[in-house]
Structure formats: structure tokens, C-alpha cells
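Structure first, then comments.
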Amino acid sequence: MEPQYDIQKRIQEKVQDKKKRLSKGQRMILRYIEKHSNKAAFLTAAKLGEVVGVSESTVVRFAISLGYKGYPEFQRALKEYIKQKLNSIQRMEMTSGILSETDVLDSVLSADIEKIKITLDTIDKNVFGQTVDTILNAKTVYIIGIRSCAPLANFLGFYLNLILEDVRILQSSNSSELFEQMLRIGERDVMIGISFPRYSMRTLKALEFANHQGAKVVALTDSSNSPMNLYATYSLLAKSDMASIVDSLVAPLSVINALVVALCIKRRGEVVQNLERLEQIWDEYQIYNNDEIQAAKQELDE
């Protein structure tokens, strides 16, 4: 398994090693990529050739000269590289140069649909099933997701609480408090870590600690090259990408939905009982009260 930072280093080393043997046109491509890698990663071979002033075939030969099977493989590697390289401001600037205001909705939603399709085609169904069984058999399930992944962790935790007896969403305000919450994690427990580029070091350390304590570790991440896989018993890979300052986490959320549904099916009796009990509590304590809604409706009618 090749960690993400090794991929970045490998691309840079390839460029340096091959630099002297590149043709004039290929050197022009190289100079453009070195200066504008954030834009080049999202250009087709034909478009990159047009921008640089060389033919599409020259771009393809450039990618092959660096040891890739073709331009698509090189482009994927370049995207992986810039995922870690760009900060939020650079992401915004990059997207502004690629998309116009008129095609944002179509482009973003179409890209999200494509990510779900790719995830469905590539996710390991056997690993998914083993993950479901492992979670069901756990004494305690710990969940961690930081920054943009925090809503995913909370969403998963909310529904797991309807299915399982002991679910804990780790609060990650600082590292010491994080480990205090994991103090009793052990061999009968499961840790679910959710992290996508730019990967959270705090999440990685939590998975490392859980692994060392003998707990089963489930990583929900984007790639076999993700550092989260270093400590994972099971890895669920969901396609993720950058959309301006926003991380596209639609595919990971779909995987979480599938996990919850699979767990509900296997624990149908308990889930039904829990929901019936919750309905009683909601009614008794008027958790979902329609009085205000009805009053507002009457005012509108008047």
C-alpha cells in the first residue's frame, strides 16, 4: 500500500528523472504543469495541448514518458497530488478558472452523480458485508469525523443509536480529550474513522490508537492510497473530489446510508421496538408538536 505522500513524491521524482530526455513540446507541457498543476489536473489532453501550444498526441506521449499507461492515469495521479497541495483559497481560485456561473449547477450535480456511480462500481461488496457484521457484533462503536467529515460522523451516529446499544461519537476539540474518550476501547469494540483529503492527522492518530488497543477499525475514505488504511481492518472506499472550497462527500454519505439500511435489516426486530418506544416518548413529551404549525397556517388562511 502506497501512502498518499509517496505518490506526490513519486510524481516529482519522475519529472526530475525524465526532464533531460523530454522533447521540446514535452518540456513546454512540463513547465506549464509545474506552474499551473492545479488547473492542468482538470484539463483534457486536447485542452492541455491547446493551452500549451502542442498537439494532443504530444500530451499523451508526455504522460507515457513519465511511466504512465496514458494521459488519464497521469491526470488521476496529478489530481491526487494537488488534493493535498491546495489550500482552501487555492481551491476557490482553481474552480473560478474552470467553471462559469452558468454551468455550476449542472457541472457539480453531474460530477456528484458520477462519483456515486464510480463508488458503486469499485467498492468491495465483501468488505461491506464484513463491516456490517463486525459493527453488529461490537460491544461499543466509536465514530470519528473531523471538520467537513463531522456531519457524516454525526449522521451515522444518530442512526446507529437507533440500532445498537452503545454508540459514541468522539468530540475532537483537542487531541488529549479525544484519547480520554477512547480510554476504554478494546478488542470487543469497533472504531469507524471518516476522512477524505485533506486527511485529518487527528483522525489518523485515533485510528492508530484503536488499532493498537486491539479494536476493529473501519476506515471510510477515498482511495487505497489513503493513510487511513494503514490501521484499518476494513476499508470502505467512496469517491470524493474537490468542488471549489467544498469537499464533495455525496458518495461517502450514500455508503453510510447503505450501512445503516443493511444494519437495520439485520436487526429489524430491535429497530422496530426502538422506534415504537421513541414514538411513545415523542408523543408523551410533545417532541413533534404541530400546534405552532397549525397556528401559522390559520394566520395565513385568515
d(Ile118 CD1, Ile113 CD1) to nearest 0.5 Å is 12.0 Å
Starting from the C-alpha separation in whole Å, work towards a yes-or-no answer on side-chain contact (heavy atoms from CB on, under 4.5 Å) for Lys69 and Ile64.
-> CA-CA 6 Å; Lys69 294 178 182 178; Ile64 294 173; over 6 Å; no
When rounded to the nearest 0.5 Å, the distance separating CZ of Arg147 from OG of Ser200 is 8.5 Å
Q. Does some side-chain heavy atom of Phe128 sit less than 4.5 Å from a side-chain heavy atom of Leu259?
A. yes
Phe196 and Ala238 have their tightest heavy-atom pair at CE2-O, 3.4 Å
Here the gap from Thr131 atom OG1 to Leu263 atom CG, rounded to the nearest 0.5 Å, amounts to 9.5 Å
Donor on one side chain, acceptor on other, Thr58 and Ser55, under 3.5 Å: yes
Between Asp189 and Arg184, is there a salt bridge with N-O shorter than 4.0 Å? no
Leu249 and Ser148 have their tightest heavy-atom pair at CD1-O, 3.5 Å
| task | Check the pair Ile163, Cys264 against side-chain contact (heavy atoms from CB on, under 4.5 Å), reporting the backbone distance first and the verdict last. | result | CA-CA 7 Å; Ile163 306 168; Cys264 284; 3.6 Å; yes
I'd like to know if Ile123 and Val250 are part of one continuous hydrophobic network [Ile/Leu/Val/Met/Phe/Trp/Tyr, side-chain heavy atoms within less than 4.5 Å].
no
- May I ask you to test the Leu48-Tyr32 pair for a side-chain heavy-atom distance under 4.5 Å? yes
When every non-hydrogen atom of Leu136 is compared with those of Leu164, the smallest separation belongs to CD2-CD2, 4.2 Å
* Are Ile29 and Val51 connected in a single hydrophobic cluster, I mean Ile/Leu/Val/Met/Phe/Trp/Tyr linked by side-chain heavy atoms less than 4.5 Å apart? -> yes
d(Leu152 CG, Leu220 CG) to nearest 0.5 Å is 7.0 Å
Rounded to the nearest 0.5 Å, the CD atom of Glu177 sits from the CD atom of Gln171 at a distance of 9.5 Å
| message | I want to check something: taking the side chain as every heavy atom from C-beta on, are Leu207 and Leu230 in contact at a cut-off of under 4.5 Å? | response | no
Using only heavy-atom distances, determine whether the side chains of Tyr234 and Asn229 contain a donor-acceptor pair under 3.5 Å. no
**Asked** Hey, does Ser254 have a side-chain heavy atom less than 4.5 Å from the side chain of Thr119?
**Response** no
Residues Tyr71 and Thr44: closest non-hydrogen pair is CE2-C, 3.7 Å
Notebook entry, point to check: Can you find a heavy atom in the side chain of Asn257 that is under 4.5 Å from one in the side chain of Phe155?
Noted result: yes
query = Between Asp222 and Leu237, is any pair of side-chain heavy atoms under 4.5 Å apart?
reply = no
Where do Thr221 and Ile194 land on the side-chain contact (heavy atoms from CB on, under 4.5 Å) test, with the steps shown first?
CA-CA 6 Å; Thr221 189; Ile194 306 171; over 6 Å; no
Note: Pro227 and Leu204 closest approach over all heavy atoms is O-CD1, 3.3 Å
Strictly distance-based, threshold 3.5 Å: is any side-chain N or O of Gln75 a donor or acceptor partner for the main-chain N or O of Leu43?
yes
- [ ] With the side chain counted from C-beta on, respond yes when Lys117 and Glu114 share a heavy-atom pair under 4.5 Å apart, and no when they do not.
- [x] yes
- Query: What about Val272 and Val261, same hydrophobic cluster or not, with Ile/Leu/Val/Met/Phe/Trp/Tyr joined at side-chain heavy-atom distances under 4.5 Å?
  - Reply: no
Check: Side-chain contact, heavy-atom cut-off 4.5 Å: Ile185 with Met191?
Finding: yes
If we count only N and O atoms by modelled type, under 3.5 Å, do the side chains of Thr140 and Asp166 hold a donor and an acceptor together? yes
N/O donor-acceptor pair under 3.5 Å between Glu208 side chain and Tyr231 backbone
no
Item to check | ILVMFWY cluster, Ile169 and Val218 together (side-chain gap under 4.5 Å) | outcome: no
dist Lys216:NZ -> Arg188:CZ (nearest 0.5 Å) comes out at 11.5 Å
**Prompt:** Given the rule that I, L, V, M, F, W and Y join up when any side-chain heavy atoms are under 4.5 Å apart, are Val132 and Tyr159 in one cluster?
**Reply:** yes
Nearest heavy-atom approach of Leu120 to Lys125 is O-NZ, 3.1 Å
Taking atom types as modelled and ignoring hydrogens, do the side chains of Ser195 and Thr203 form a donor-acceptor contact shorter than 3.5 angstrom?
-> no
Q: Walk me through it: do Ile33 and Phe62 pass the test side-chain contact (heavy atoms from CB on, under 4.5 Å)?
A: CA-CA 11 Å; Ile33 290 176; Phe62 168 79; 3.6 Å; yes
**Asked** Between the main-chain N or O of Asp133 and the side-chain N or O of Asn137, is there a donor-acceptor pair closer than 3.5 Å?
**Response** yes
